Amino acid sequence: MPEIRTRFAPSPSGFLHIGGARTALFNYLLARNLGGKFVLRIEDTDRERSTPESIQAILDSMEWLELAWDEGPFYQSERSAEYQPYVQRMLDSGAAYRCTCTPEQVDAMRKEAKAAGRRPGYNGSCRNRTDIAATDPHVVRFRTPDDGQTGVKDLIRGGVLFENTEFDDFVICRTDGTPTYNFVVVVDDAEMRITHVVRGEDHLSNTPKQILMYHALDLSVPEFAHVPLILGTDGSRLSKRHGATGVTAYRDMGYLPDAMNNYLARLGWSHGDQEIFSRAELIEHFSLDHVGSSAGVFDPEKLEWVNFQHLKELPSSTLASEVKPLIEERQWPLPGDDGWLAKAVATVQERAKTLVELVNSIKYYFVDEIEFDPKAVAKHLAKARPALLTDLADQLAGVEDWSEPNIEDVFQYVLTKHELKLGKLAQPVRVALTGGSVSPGIFEMAAVLGKDRVLARLQAAIPLAEGTD
RNA sequence: GUCCCCGUCGUCUAGCCUGGCCAAGGACACCGGCCUUUCACGCCGGCGACACGGGUUCAAAUCCCGUCGGGGACACCA
């Protein structure tokens with residue numbers, strides 16, 4: 001059995017969107033699962049639309065998702081010399097012919113066909129001409145069969161039959177000499193010895209044309225698998241108006257690459273009831289057999305949940321290193337070493353769905369100028385008796401070993417002394433230490449904050465306490 | 001318009017190929033409860049689907065036909 005080879009072949013006319021990322025992922029997973037190779041090829045034959053920025057965006061996205069390719073990236077724009085011999089071969093064998101019809105003329109044919117209720121297309125007027133010289137301005141068209149059918153064997157949806165009369169003689173080489181997509185993709189996939197072409201369903205109707213060319217060129221036809229498209233919430237194809245569709249936008253929003261891969265894989269593919277997969281599990285279990293054939297709706301809420309599942313399984317030291325750049329970005333001081341940071345992030349590890357959300361929720365660990373939430377102050381701090389907080393601060397000051405259990409002991413002591421329930425003390429203290437009424441557990445938070453800062457914040461808050469009962 | 005693909009809870013899906021184990025399972029979201037120092041987490045429970053109509057069969061989500069609905073393709077774009 002020959003080596004399994006898959007490929008991802010995006011056209012660089014924008015960022016890598018969700019759908020493209022999933023196609024890349026499926027190709028990557030299939031290759032890894034089968035022990036094959038994954039090739040990256042940039043389809044930039046359209047010079048007008050292809051931009052260096054797009055290429056970079058695609059590369060960045062793939063790197064972020066850690067979809068490592070084994071070969072490439074190959075650029076079609078650099079391979080034009082490769083294609084000419086194939087065009088010549090088809091010209092020589094009569095599989096293709098020269099055509100001098102102008103785009104305007106072809107356009108008219110299309111309108112005419114449409115008006116007559118036929119599929120719009122070229123009418124073949126240059127098919128049998130022999131008077132066109134290679135030097136005349138012309139395109140090269142592929143001569144499609146006048147009858148018969150072409151079947152596509154698709155690994156996801158089975159056999160699909162197309163009537164050859166459905167196809168007009170399409171252009172494989174433009175007037176300027178550059179080859180077009182449907183032709184180039186055949187040559188490239190053949191030359192790169194791709195065994196499995198996994199791509200979006202929007203390519204399904206191109207496939208029979210390509211198969212016809214494989215035959216005309218006497219090349220072996222690869223396996224095809226057309227994965228269903230990803231839709232927006234309203235059921236139409238995912239686009240900008242559905243919100244963020246570029247993969248890197250999710251990186252910037254604080255999603256983990258493995259979470260993104262997990263979510264994307266599960267959108268259209270399944271392995272029983274399992275929802276959460278590590279990269280290794282994805283590779284181990286992925287197979288085209290379990291890729292569904294119906295389109296799926298992209299659900300940001302589920303993505304969020306998947307991200308949360310991955311986030312909470314991260315070792316706190318790893319989480320800390322993910323979070324560190326975000327802290328620097330915000331120019332917050334780091335009052336401790338990496339070990340301290342790990343402890344700090346551990347307190348909110350199960351309280352945030354994204355890295356960004358997580359970082360933004362713990363500004364008080366870094367910045368000593370507390371931003372008080374007026375409502376929280378009014379509701380909790382202002383109602384506390386100054387004596388209570390003073391008492392707590394005094395007791396806390398005497399703690400030698402600043403640890404969670406010791407802090408808790410002090411709280412218990414003060415609570416008993418004042419005959420109060422924890423809530424009556426914890427909430428005012430929470431506001432004093434963080435400025436708000438929401439935070440991790442009061443003891444663990446205080447432990448992370450450190451004795452000096454806790455005492456300082458308590459002292460600073462006492463004037464705000466105006467309770468009398 | 002023509003051709004192609006698709007159709008299980010709001011969403012992602014299991015089941016469909018190889019009919020009976022399905023009075024259709026899991027997950028997200030939503031609702032309620034428990035836990036509780038806040039917020040979360042967690043746990044328990046609830047809501048909720050085989051698009052429709054025929055047919056085949058002792059038996060159909062599963063097989064066949066039709067209808068309807070959604071999507072895609074018909075470029076000197078990819």
Side-chain angles (χ1 to χ4, degrees), chain A residues 9-13 43-46 48-50 76 99 101-103 106-107 110 113-122 138-141 152 154 156-158 160-163 165-168 170-176 178-182 184-185 200-209 226 228-229 231 233 235-237 263 266-276 289-290 292-306 308 312 348-353 361 376 380 411 415 421-427 429-431 434 436-443:
Chain A
S11 58
S13 55
E43 313 234 312
D44 56 350
T45 52
D46 184 351
E48 307 226 331
R49 298 192 197 193
S50 304
Q76 289 183 330
C99 165
C101 296
T102 64
V106 176
D107 217 45
R110 246 190 290 278
K114 208 161 181 170
R118 280 179 286 116
R119 198 184 181 127
Y122 176 69
H138 67 273
V139 298
V140 178
R141 290 183 182 275
V152 177
D154 187 283
I156 291 173
R157 45 205 92 222
V160 183
L161 267 187
F162 293 84
E163 293 292 334
T165 50
E166 284 298 317
F167 312 125
D168 65 348
F170 52 91
V171 173
I172 61 173
C173 198
R174 304 182 181 98
T175 308
D176 65 5
T178 58
T180 62
Y181 167 77
N182 270 313
V184 177
V185 79
E201 195 193 334
D202 46 342
H203 288 284
L204 182 56
S205 33
N206 281 327
T207 308
K209 299 183 192 177
H226 291 92
L229 266 17
L231 275 22
T233 328
S236 68
R237 200 172 170 172
Y263 174 74
R266 267 303 270 105
L267 213 197
W269 168 83
S270 63
H271 179 66
D273 286 338
Q274 190 172 344
E275 297 285 352
I276 302 304
D289 298 346
H290 289 275
S293 49
S294 55
V297 174
F298 176 72
D299 180 5
E301 283 182 332
K302 183 133 187 192
L303 204 211
E304 218 176 38
W305 176 80
V306 171
F308 171 70
K312 72 176 186 179
V348 283
Q349 193 156 5
E350 294 192 354
R351 288 168 217 270
K353 303 221 187 280
S361 74
H380 302 292
F411 269 72
L415 249 23
K421 297 229 292 180
L422 181 53
K424 290 288 180 192
L425 180 57
Q427 281 306 83
V429 172
R430 195 185 309 281
V431 177
T434 70
S437 58
V438 174
S439 86
I442 197 85
F443 311 127

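Order of the sequence lines sets the chain letters (A, B, ...), proteins ahead of strands, with each chain counted from 1. The shown structure was predicted, so the numbers you read here are calculated from the model rather than taken from an experiment. FYI, side chains are in, hydrogens and waters are out, and symmetry mates aren't considered; it's all heavy atoms of this structure.
- Listed nucleotides B/U38, B/U2, B/C76 differ in distance to A/Val106; the shortest reach to its side chain belongs to B/C76.
- Pairing partner, B/C41: none, since no Watson-Crick or wobble contact has both distances short of 3.5 Å.
- With a 3.5 Å ceiling on both atom-pair distances, the Watson-Crick or G-U wobble partner of B/U2 is B/A73.
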Is there a side-chain contact (heavy atoms from CB on, under 4.5 Å) between A/His271 and A/His290 once you walk through the steps?
-> CA-CA 7 Å; A/His271 179 66; A/His290 289 275; over 6 Å; no
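- Within 4.0 Å (heavy atoms only), A/Pro440 reaches at least one base atom of the nucleic acid.
- Just one of A/Ile172, A/Thr45, A/Thr178 meets the side chain to side chain contact (heavy atoms under 4.5 Å, CB included) condition when paired with A/Val184; it is A/Thr45.
- Between A/Cys101 and A/Glu163, the one whose closest nucleotide on RNA chain B sits nearer the 5' end is A/Glu163.
- B/C43 atom P lies 11 Å from atom CD of A/Glu350, rounded to whole Å.
- Remark: the separation of the P atoms in B/C52 and B/G32 is 31 Å, to the nearest Å.
- When the C1' atom is used for both B/G20 and B/U56, the distance is 16 Å, rounded to whole Å.
- Nucleotide B/U67 has B/A51 as its partner under the Watson-Crick or G-U criteria, with both atom distances under 3.5 Å.
- Comparing the C1' positions of B/C76 and B/G70 gives a spacing of 32 Å, expressed to the nearest Å.
- For A/Ser437 and A/His380, the side-chain atoms include no donor-acceptor pair closer than 3.5 Å.
- Below the 3.5 angstrom threshold, one finds a donor paired with an acceptor across the side chain of A/Glu275 and the base of B/G26.
- Across all strands shown, A/Thr45 has heavy atoms under 4.0 Å from sugar-phosphate atoms exclusively, and none from any base.
- Out of B/A78, B/U38, B/G71, the shortest distance to the side chain of A/Leu229 is found at B/G71.
- Rounded to a whole Å, the CZ atom of A/Phe411 is 13 Å from the P atom of B/U37.
- Across all strands shown, A/His203 has heavy atoms under 4.0 Å from base atoms, whether or not it also approaches the sugar-phosphate.
- In the set B/C39, B/C6, B/G26, the nucleotide with an atom closest to the side chain of A/Asp273 is B/G26.
- Within the 4.0 angstrom heavy-atom criterion, only backbone atoms of the sugar-phosphate kind lie near A/Lys312; the bases stay farther away.
- With rounding to whole Å, A/Arg157 atom CZ is found 13 Å from B/G72 atom P.
- Residue A/Arg110 has a polar side-chain atom (N or O) positioned under 4.0 Å from OP1 or OP2 of B/C76.
- Using a 4.0 Å heavy-atom distance criterion, A/Phe443 is classed as a base contact.
- Separation of the C1' atoms belonging to B/C63 and B/U2 is 30 Å when rounded to the nearest angstrom.
- In this structure, the CG atom of A/Asp154 is 13 Å from the C1' atom of B/C6, given to the nearest Å.
- Between A/Leu267 and A/Gly296, the shortest heavy-atom contact is CD2-CA, 3.8 Å.
- Here the separation of B/G46 from B/C28, taken at their P atoms, is 15 Å to the nearest Å.
- Among the atoms of the strands shown, only primed sugar atoms or phosphate atoms (P, OP1, OP2) are found under 4.0 Å from some heavy atom of A/Ser294.
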Output a table of nitrogen or oxygen pairs between the protein and nucleotides 28-36 of chain B separated by less than 3.5 Å.
unit_1	atom_1	unit_2	atom_2	d
B/C28	OP1	A/Trp305	NE1	3.3

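- The nearest heavy atom of RNA chain B to A/Ala426 and to A/Leu161 marks one nucleotide each, and the one closer to the 5' end goes with A/Leu161.
- Judged purely by distance below 3.5 Å, without hydrogens or angles, the side chains of A/Arg157 and A/Ser293 never pair a donor atom with an acceptor atom.
- Within the 4.0 angstrom heavy-atom criterion, only backbone atoms of the sugar-phosphate kind lie near A/Phe308; the bases stay farther away.
- Per the geometry, CZ belonging to A/Arg351 stands 11 Å off P belonging to B/C39, to the nearest Å.
- Nucleic acid contact for A/Gly441: base, since at least one base atom lies under 4.0 Å from a heavy atom of the residue.
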List the steps and the verdict of side-chain contact (heavy atoms from CB on, under 4.5 Å) for A/Asn206 and A/Tyr181.
-> CA-CA 10 Å; A/Asn206 281 327; A/Tyr181 167 77; 4.1 Å; yes
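- The distance from atom CG of A/Asp202 to atom P of B/A78 is 14 Å, rounded to the nearest whole Å.
- Glycosidic conformation at B/C41 (O4'-C1'-N9-C4 for purines, O4'-C1'-N1-C2 for pyrimidines): syn, within 90° of 0.
- The residue A/Asp107 sits apart from the nucleic acid: no heavy atom pair falls under 4.0 Å.
- Among the heavy atoms of the strands lying under 4.0 Å from A/Ser437 is at least one base atom, whether or not backbone atoms are also near.
- In this structure, A/His226 atom NE2 and B/A78 atom P are separated by 17 Å, rounded to whole Å.
- A/Arg430 comes within contact range of at least one nucleobase, with a heavy-atom separation under 4.0 Å.
- Atom name C1', nucleotides B/G26 and B/C64: the rounded distance is 31 Å, in whole Å.
- Contacts of A/Gly268 with the nucleic acid, taken as non-hydrogen atoms under 4.0 Å apart, involve only primed sugar atoms and P, OP1 or OP2.
- Nearest heavy-atom pair, A/Lys209 versus A/Asn182, reported as atom, atom and distance to 0.1 Å: CD-ND2, 4.4 Å.
- Following rounding to the nearest Å, A/Glu201 (CD) and B/A78 (C1') show an atom-to-atom distance of 17 Å.
- When every heavy atom of A/Gly121 is checked against every heavy atom of A/Arg110, the shortest pair comes out as N-CG, 3.5 Å.
- By the 4.5 Å heavy-atom criterion applied to side chains, A/Pro12 and A/Ser50 are counted as neighbours.
- For the P atom pair drawn from B/G69 and B/C47, the interatomic distance equals 33 Å after rounding to whole Å.
- Across the strands present, B/U62 finds no partner; the criterion is a Watson-Crick or G-U wobble pair with both atom distances under 3.5 angstrom.
- Using bins of under 30°, 30° to 60° and over 60° for the plane-to-plane angle, the ring pair A/Tyr263/A/Phe298 lands in the perpendicular bin.
- Atom name P, nucleotides B/A40 and B/G54: the rounded distance is 50 Å, in whole Å.
- Residue contacts for A/Leu425: at a heavy-atom cut-off of 4.0 Å it reaches no nucleic acid atom on any strand shown.
- Counting atom types as modelled, A/Thr180 pairs no side-chain N or O with a base atom of B/C76 as donor and acceptor under 3.5 Å.
- Ring geometry, A/Phe167 versus A/Phe162: the interplanar angle falls from 30° to 60°, so the pair is classed tilted.
- Within 4.0 Å of A/Val171, counting heavy atoms only, lie sugar-phosphate atoms of the nucleic acid but no base atom.
- When the side-chain nitrogen and oxygen atoms of A/Ser270 are compared with OP1 and OP2 of B/A14, one or more of them lie within a distance under 4.0 Å.
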Does the side-chain contact (heavy atoms from CB on, under 4.5 Å) test come out yes or no for A/Phe170 and A/Val139, once each step is laid out?
-> CA-CA 10 Å; A/Phe170 52 91; A/Val139 298; over 6 Å; no
